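Contents: one structure, followed by commentary.
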Amino acid sequence: MRSDDAIRATQLTKVYKYSEQAPGLKGAVKGLFKPVRRERTAVDAVTLTLPKGQVIGLLGPNGAGKTTTIKMLCGLLRPTGGELEVLGHQPHKRSFDFLSRISVVFGQKSMLWWDVSTYDSLLIHREMYAIPRPVFDASVAELTERLDVAHLINIPVRKLSLGQRMRCELVLALLHGPDLLFADEPTVGLDVVAKLALRNFLAELNRDHGTTIVLTSHDMSDVAALCQRIALIDHGVIGFDGNLQELRQRSGQHADADLDQVLAAMFRGRS
Amino acid sequence: MTRQLRLLRILTVQEVRMMMNHRGWLFLLQVANVLPPAIALLVWHGAVDQGADPPVSTTYLTSYLVLVSVVAMVTSSWTSGFLAASIRLGGLNSWLVRPCSTHLSYLANNSAEKLLKLGLIAPPVVVLGLVFRHDLRLPGEPQRWLHFLPALIIAAAMTFAFDILIGSLAFWMEDIAAIDRLRYLLARLLSGGLVPLALFPAVFQPFLAAQPFRFLVSFPLEVLLGTTHAIDYAYQAGWFVVLVGGAVLVWRRGLRDYQGAGA
Amino acid sequence: MTPRLFWACLKQAIRRDLQFRSQTAINALSSIGDLVLGVVPVLILTGAGGTTWTGPLAVVVVGVFGISTGLMDCFVRPNLAKMHGYVRQGDLDLILIRPVNAQVFATLRWMEPAELGRVLSGAAMVAVGLHLADVRPGPGLVLQAAAWAAIGFVGFSLLWANLAYSAFWFDSADPINEIASQLREAGKYPISYFTGAARLVLMTLAPAGLVAAVPVETLTGATSPLLFAVPALAAAMLLTRLHWQLASRRYSSASS
């Protein structure tokens with residue numbers, strides 16, 4: 001693996017095993033003794049290489065394998081096949097070195113502790129990632145200034161608006177200076193102003209710190225604004241990998257069609 | 001290791017601060033916890049006054065029932081439900097992507113809750129002790145208390161492990177509430193939390209002495225009141241290994257099969 | 001609250017329970033398990049001797065306790081347990097705007113039919129206990145015992161309601177329901193095991209003793225005078241009504 005690759009996946013595969021159960025008590029009892037085992041391939045031999053410093057948008061309809069891919073990349077799921085190296089580690093081993101070089105922002109899930117201020121959560125992350133005091137102070141100063149939350153970090157998180165909270169989530173997620181950021185629907189539910197601020201911040205982060213970013217979003221304007229590269233996942237395989245212009249050409253839509261129309265054309269005909 | 005300890009300390013302090021917001025709520029809960037042994041004290045004293053002949057002395061019975069709510073509180077755990085919900089709804093994900101075990105946060109949560117509740121349960125227990133002061137005999141030898149403390153901490157660790165064991169079943173099961181309720185039902189009777197095990201008929205005693213629930217509440221009190229035998233420590237060690245080992249095994253297995261719930 | 005409204009609420013609750021069958025079955029089973037295991041401490045107590053109470057009679061007490069608390073947990077408790085949420089989250093507005101007696105509606109709206117499993121198992125315990133104790137009460141005694149049980153049921157429900165209304169006055173009064181439920185457990189023991197002040201409290205202020213112990217004493221022929229109980233109960237009802245009015249007035253003036 002070239003040392004300037006952040007992610008390298010070869011034939012990455014995830015097969016879910018589950019047992020089917022007929023409805024009712026009878027089904028439950030039957031399933032206990034004679035379970036009907038089924039398999040579903042969520043990610044099918046995906047090969048993907050991401051150089052350091054790139055911003056990639058992973059797009060796909062619900063249930064296409066997008067979430068499963070992300071979860072394997074950040075170590076939540078163990079692949080059933082293929083090879084995967086992220087920052088030189090096998091993610092599912094979740095070593096301290098790996099976990100302290102990545103970060104994840106879930107738009108729908110808070111990492112901040114609810115009943116205390118953001119600063120209290122930051123103090124916990126300082127211990128968690130073993131961040132030296134001067135580095136911590138500098139990092140907090142820089143992030144709160146860039147995200148304009150200096151006046152918010154001493155207020156209990158439950159009292160913040162969604163837009164304010166998302167910015168505080170980012171301070172927490174980036175405190176330890178990760179090399180690789182997974183942002184899963186980070187702008188979901190945000191108003192236009194908050195969305196733009198967040199987008200600008202991610203662009204700056206990539207420009208100034210060279211942070212590699214893997215973004216998933218259903219908001220096509222996010223993707224268009226941020227991602228140099230777009231990968232479309234459908235039925236567990238990557239159907240397209242390239243930049244925005246190539247995507248437009250491939251879809252066969254006219255030049256001023258918006259991105260939603262372009263994507264709809266790409267996914268049309270899927271069951 | 002130092003990182004984990006420092007993390008545990010700061011997490012615990014944080015939990016205490018968050019729980020302080022609910023201290024009134026926690027206090028009323030402690031009053032409710034003291035009621036069952038208080039009722040048991042009343043009826044047993046009534047029975048003895050009217051000539052009943054229980055298999056243990058009145059002072060043993062009184063000391064046991066006055067202290068049992070404290071021991072039951074310290075050795076309790078409320079982790080199984082939270083853990084199961086976090087596995088099912090995907091809250092666990094936010095822990096798995098950070099270099100900190102989710103169990104450390106539950107441990108902090110439990111320790112904080114114990115620290116706070118210890119202060120809150122003290123007043124009602126002291127009142128109970130004063131009402132029955134004539135029959136209350138707390139052991140004077142410091143040695144007994146020195147033995148009591150580790151027994152208490154081991155009991156708390158065993159309950160915590162039991163909780164992780166049951167909560168981890170959520171890796172495979174939709175709903176662990178039924179199993180949890182069954183466990184609580186058995187524990188209430190067999191742990192000695194409601195009735196001292198010594199009061200049960202003699203035929204059941206060998207069974208009661210060997211079953212695991214005894215070591216979750218009754219055993220530390222037996223150590224304190226000086227009614228244990230050497231063999232009991234072997235039972236305790238055995239069940240400790242079973243519960244802690246079981247929890248570690250089930251958790252590791254579950255994490256491997258984990259399908260990362262939630263979008 | 002008309003009987004038809006009550007019937008509609010009950011039908012809705014049963015339909016809901018039938019939707020979540022396995023959950024309902026678990027709730028019913030653990031409710032029964034609670035009762036069956038609950039007899040153990042009482043049997044151990046009567047086994048130690050000292051009073052005229054025998055094991056079989058104690059089983060009858062636990063059985064009556066099971067019937068009464070099963071009914072209470074089906075019809076009364078779910079609502080009182082919700083009172084805190086009604087007040088703190090402003091859901092009471094949705095009740096106050098209905099054209100029915102708000103207090104009665106708020107006390108009987110929610111039901112947990114699964115708890116009725118305890119009524120059946122309690123009845124079985126009563127039958128077995130009476131048979132083993134060789135007690136065959138005449139219809140007059142049965143009637144009196146039923147009257148006492150009804151007084152105990154209503155009396156304790158009123159106490160619980162007043163405790164639950166504390167949500168109007170205090171912020172974190174939620175565990176008051178747990179306190180009421182633990183207090184009620186005292187009713188599982190024959191009342192004569194309680195002495196002095198405790199017995200007085202359990203017969204009057206917190207009438208857990210009237211739920212099961214006094215009715216069973218009545219079955220065995222040791223009747224207690226009903227004469228004082230009825231006016232006392234009427235007074236308690238009046239006070240509860242007054243408490244509700246004061247509390248809901250405070251609520252509406254606070255939320256507007």
Side-chain angles (χ1 to χ4, degrees), chain B residues 21-56 61 69 120 124 131 174-190 192-202 204, chain C residues 20 22-23 25-27 29-53 58 84 163 166 170-199 201-202 206 208 213:
Chain B
N21 295 332
H22 308 289
R23 56 186 180 276
W25 185 85
L26 282 172
F27 175 70
L28 286 181
L29 219 54
Q30 296 322 300
V31 173
N33 283 345
V34 175
L35 275 176
I39 290 169
L41 271 169
L42 286 170
V43 291
W44 277 99
H45 273 260
V48 170
D49 288 349
Q50 292 167 57
D53 185 25
V56 291
L61 197 62
S69 46
L120 295 172
V131 171
E174 192 82 358
D175 191 9
I176 60 140
I179 292 184
D180 227 11
R181 272 184 96 151
L182 181 69
R183 188 229 345 201
Y184 281 122
L185 220 58
L186 289 174
R188 239 182 44 202
L189 195 66
L190 297 176
L194 202 59
V195 191
L197 296 179
L199 287 176
F200 282 74
F204 297 120
Chain C
F20 303 103
S22 59
Q23 197 59 43
I26 289 159
N27 285 343
L29 280 177
S30 70
S31 163
I32 293 169
D34 255 5
L35 186 67
V36 173
L37 290 182
V39 84
V40 173
V42 184
L43 282 179
I44 291 175
L45 181 69
T46 52
T51 63
T52 54
W53 286 89
H84 188 259
L163 288 176
S166 67
F170 304 106
D171 251 345
S172 47
D174 202 16
I176 206 87
N177 293 298
E178 192 52 31
I179 293 183
S181 141
Q182 294 296 355
L183 205 56
R184 194 177 66 180
E185 290 291 302
K188 213 164 56 182
Y189 296 95
I191 191 77
S192 55
Y193 281 99
F194 293 96
T195 49
R199 186 193 298 209
V201 169
L202 290 175

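Chain naming here is simple, since letters A, B, ... match the order of the sequence lines and numbering starts at 1 in each. On a predicted model such as this, the values are computed, not experimentally measured, just so you know.
Put simply, the side chain of C:Q182 never gets that close to the backbone of C:E178: no donor and acceptor are under 3.5 Å apart. Checked by atom type and distance alone, the side chain of C:E185 never pairs as donor or acceptor with a backbone atom of B:I39 at under 3.5 Å.
Residues that satisfy the salt bridge (charged side-chain N to carboxylate O under 4.0 Å, His left out) test with B:R183, not counting sequence neighbours, are B:D163, B:D180. Annotation: side-chain hydrogen bond (donor to acceptor under 3.5 Å, both in side chains) contacts of C:S31 (sequence neighbours excluded): C:E115, C:R118.
With respect to chain B, the highest number of heavy-atom pairs below 4.5 Å among C:T195, C:V40, C:L29, C:L45 belongs to C:L45. Across B:P55, B:A40, B:P36, the residue that shares the most heavy-atom pairs under 4.5 angstrom with chain C is B:P36. Looking only at heavy-atom pairs under 4.5 Å with chain C, the residue among B:L185, B:D53, B:L189, B:V195 that has the most is B:L185. Taking C:P190, C:A186, C:A180 one by one and counting their heavy-atom pairs under 4.5 Å with chain B, the maximum is reached by C:A186.
Looking at B:L194, the atoms closer than 4.5 Å to chain C (heavy atoms on both sides) all sit in the side chain, from C-beta outward. For B:L28, the parts sitting under 4.5 Å from any heavy atom of chain C are the backbone and the side chain alike. Proximity to chain C is limited to the side chain of B:R188, based on heavy atoms less than 4.5 angstrom apart. With a 4.5 angstrom heavy-atom cutoff, B:L199 touches chain C via backbone and side-chain atoms both. Only the side chain of C:A198 has a heavy atom closer than 4.5 Å to any heavy atom of chain B.
Atom-to-atom distance recorded for C:T46:OG1 and C:Y189:OH is 10.5 Å, nearest 0.5 angstrom. In this structure, CD1 on C:I44 lies 8.5 Å from CZ on B:F204, to the nearest 0.5 angstrom.
By the 4.5 Å heavy-atom criterion applied to side chains, C:S192 and C:R199 are counted as neighbours.
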